[in-house]
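Residues: numbered from 1 along the sequence shown. Below, all heavy atoms of this structure are taken into account, side chains as well, without hydrogens, waters or symmetry copies.
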Amino acid sequence: MSARPVVLVVVGAGPGGTVLTERLSANAAEFAGDRPVEIHVADPYPPGGGRVWRLDQPDLLWMNSQAADVTMFTDETVRIDGPIRPGPTLCEWGDVEPGRFPTRRLQNAYLSWCFRRVADTPPEPVTVHVHAARVLDVADGAGGAQLVRIEGRAEPIHADAVILAQGHLDVTPGPEHRRLADFAAAHGLTYVPPHYAADTDLGVLRPGEPVVMRGMGLGFIDDMVLLTEGRGGRFTARPDGRLTYHPSGREPILYAGSRRGVPYHSKITYELSGERPPGPRHFTPAVTEELYDRRGPLDLRTDLWPLMARELAWHHYHELFGAHPDRVALSWPEFEARLDAGPAELDALVEEAVPKREDRLDLDRLLDPLAGERFEDAEALQERIRAYVTADVERHADPAHSADLAVFYGLLTVFGVLVDAVNNGRLAARSQAEDVGAWLHGVFGYYASGPPPRRLRELEALSRAGIVRFLGPGITVAAEDGRFRAGGTATPATVDARALVETRLPSASVARTTDPLLRALYDRGEVAEEELTDADGTRYPLGKLAVRDGRLVTATGRTHPRRFALGSWAGRGFAVVGFTRPRTNALPFRLADALARAALKEATGPRA
């Protein structure tokens, strides 16, 4: 009699599901021995690209990563317990110029090829089955089997373990979005809640009408492109390298504002001139552990941010001193020794060592460039933001300012240490709930995950053409007098509009999900929304799936031994998965490998 196969189900076939399937395949033989292993991958969208990276979206939508920064395969730098199985990066696969920002359709072609390679040529003893359908439910069966019900399939799959690797999922509107939608419906207005641009009908926004765009991150850039070039407008280059926009006449007028009032920083398009600093120095897991032992639960702003700021300063000046020694007045050993001594004299030290202000790291100005600025009229604000955008693009293309890139690498380092502190329970519940998510999506996204420089040059041209009007920082939106009224703190000017667009993705909320699988599990208490409880008993729901050691947590706090989650909806540090930079010992690969091995160990063990 042949051995019973080991059966695993991966829910989601986007980049995360692909990486997990590859890691399950790579590790299978170690755990299953001679037993056959069957991996079932289910997703209603074509595998590889999944929903976000699917083929049927406009070529105008680009990645915000350069081609050189994309791989789906482990390499010699990745420190994992499972085997390394190299594969081509996007550049190698498609002979793509490293500095190019590919279209999402091109990325779909690469991701689709990667999935086919993983699914069609798995190592012994693995077979991969693909189901182009949604997973509707998972139930416990006899002996611990997981009964996975898939849309259009009469009988459930009897699985030994299930891994949720969904990407962005839809949710019902929260109270604020319901209020604005109800107001719009009552007054014949248009309201577009948080959304993914490729999924949304922006045709409801009429030519020539003012539209308030709340948010200036990557979602704003996507909407801007679709509402301008996507409606027949075009750009031409000027001799000075700037762009001129030629309207089609079908564009609405976009009034854009956000908390900072400026778009995310332009992506940096050069490499470091000096050597990358060797790991964290001032903000390390050992430092946060020692601090926690002395003070108890830590606050991000008061306890950790000073250390994070010193870490970023160390990265910045390490590059400045190493790559541009003609612009500093001290030796690096002397500067580093005095920096290590403590933060008290940092400002005086920098002023002594770095003569030019433009070479100094000013985190307050960097992260909030319009703070405290006021303008007499709206046109002065337009000129100020246009000048800011132009200067930002030019600086981030100039290796003379390579210390800016060092700060980017510093942020990656700080991100990893912060995740470690969160996962080890060192942050106070209030700080983690109210500050960490905002920092990761605010500071990190704003500086490290901005748009291609071309998109910001287009934004500047659209502003000069009058198609985009900047509202500035501190945006407020009021629903009153039958209109949406928006303004900012930098000028007294406001605008009345019949349309309001929230230019960001919906926030994860297990309680409000419309995904049938999560809805069924949540309603039965078999998954829970991650939450934190402060010392005074205050509870802070975080929206994402409660996960412990990669396993789903039930409403009663029990971990399910055969159900796992990894991806954008998973909490406790398991929200990172998918493609990443080559040769960087990337966290997504490390998480996916560890989770795959845990699932295989559980799946190949004896059933209850």
Side-chain angles (χ1 to χ4, degrees), residues 7-25 38-55 72 104 107-108 110-119 122 128-138 146 148-153 156-157 159 161-171 196 198-199 505-506 508-510 513-522 526-527 544-545 547 550-552 560 562-571 574-580 588-589 591-596 598-600 603:
V7 180
L8 304 109
V9 173
V10 176
V11 184
T18 302
V19 169
L20 275 167
T21 302
E22 191 280 328
R23 288 291 85 202
L24 288 168
S25 298
E38 297 182 1
I39 303 174
H40 294 260
V41 184
D43 195 316
Y45 294 94
R51 175 182 181 179
V52 171
W53 302 100
R54 66 185 187 272
L55 184 63
M72 288 286 288
R104 293 180 193 167
Q107 175 70 344
N108 169 271
Y110 172 64
L111 295 174
S112 299
W113 180 89
C114 292
F115 184 87
R116 289 195 300 272
R117 169 172 159 156
V118 170
V128 178
H129 308 274
V130 180
H131 306 270
R134 298 181 189 279
V135 174
L136 302 178
D137 202 356
V138 176
Q146 297 303 290
V148 183
R149 191 159 62 88
I150 297 180
E151 192 174 39
R153 183 184 173 100
I157 295 172
V162 177
I163 306 175
L164 307 189
Q166 295 122 311
H168 297 290
L169 299 173
D170 292 326
V171 296
Y196 179 61
D199 289 343
L505 290 171
S509 174
V510 177
T513 182
T514 61
D515 176 72
L517 170 60
L518 291 187
R519 183 80 267 150
L521 294 174
Y522 182 79
E526 294 176 27
V527 297
K544 296 188 176 186
L545 283 165
V547 174
R551 290 171 167 81
L552 291 173
H560 196 293
R562 296 181 181 268
R563 298 177 186 173
F564 301 80
L566 185 66
S568 59
W569 272 56
F574 284 85
V576 183
V577 71
F579 60 84
T580 187
F589 293 143
L591 287 175
D593 188 74
L595 191 69
L600 282 163

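Minimum heavy-atom separation, A161 to A599: CB-O, 4.1 Å. Of all the heavy atoms in G167 and W569, the pair that sits closest is O-CD1, 3.5 Å. Taking each heavy atom of V171 and P506 in turn, the nearest pair found is CG2-CB, 3.9 Å. Considering every non-hydrogen atom in both A159 and V162, the closest pair reads CB-CG2, 4.3 Å. Between V41 and G12, the shortest heavy-atom distance links the atoms CG1-O, 3.8 Å. Nearest approach of V130 to P47, heavy atoms of both residues: CG1-CG, 4.2 Å.
Salt-bridge check for D43 with R54: failed, with every basic side-chain N at 4.0 Å or more from each acidic carboxylate O.
Contact annotation: the side chain of H168 approaches that of S568 to within less than 4.5 Å [non-hydrogen atoms, C-beta and beyond]. Residues F564 and R551 have side chains in contact (heavy-atom distance under 4.5 Å, counting atoms from C-beta outward). By the 4.5 Å heavy-atom criterion applied to side chains, V135 and L164 are not counted as neighbours. Residues H129 and I157 are not in side-chain contact: their nearest non-hydrogen atoms beyond the backbone lie 4.5 Å or more apart. The shortest distance between side-chain heavy atoms of R51 and D170 falls below 4.5 Å. Taking the side chain as every heavy atom from C-beta outward, M72 and E22 never approach each other to under 4.5 Å. Using a 4.5 Å heavy-atom threshold, the side chains of L24 and L8 count as touching. For the pair H40 and V148, the minimum side-chain heavy-atom distance is 4.5 Å or more.
Note: L600 CG to R23 CZ = 11.0 Å, rounded to the nearest 0.5 Å. With rounding to the nearest 0.5 angstrom, the OH atom of Y522 is 11.0 Å from the OG1 atom of T513. Atoms CD1 and CG, on I163 and L20 in that order, are 5.5 Å from each other to the nearest 0.5 Å. One finds the OG1 atom of T18 at 11.0 Å from the CZ atom of F579 (value rounded to the nearest 0.5 Å). Within the model, atoms CG of L111 and CZ of R116 stand 10.5 Å from one another, a figure rounded to the nearest 0.5 Å.
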(request) For side-chain contact (heavy atoms from CB on, under 4.5 Å), just list the numbers for V9 and Q146, CA-CA rounded to whole Å, side-chain angles, deciding distance to a tenth of an Å, and then say yes or no. (result) CA-CA 9 Å; V9 173; Q146 297 303 290; over 6 Å; no
(request) Show your working on side-chain contact (heavy atoms from CB on, under 4.5 Å) between D137 and L521 and close with a plain yes or no. (result) CA-CA 7 Å; D137 202 356; L521 294 174; 4.2 Å; yes
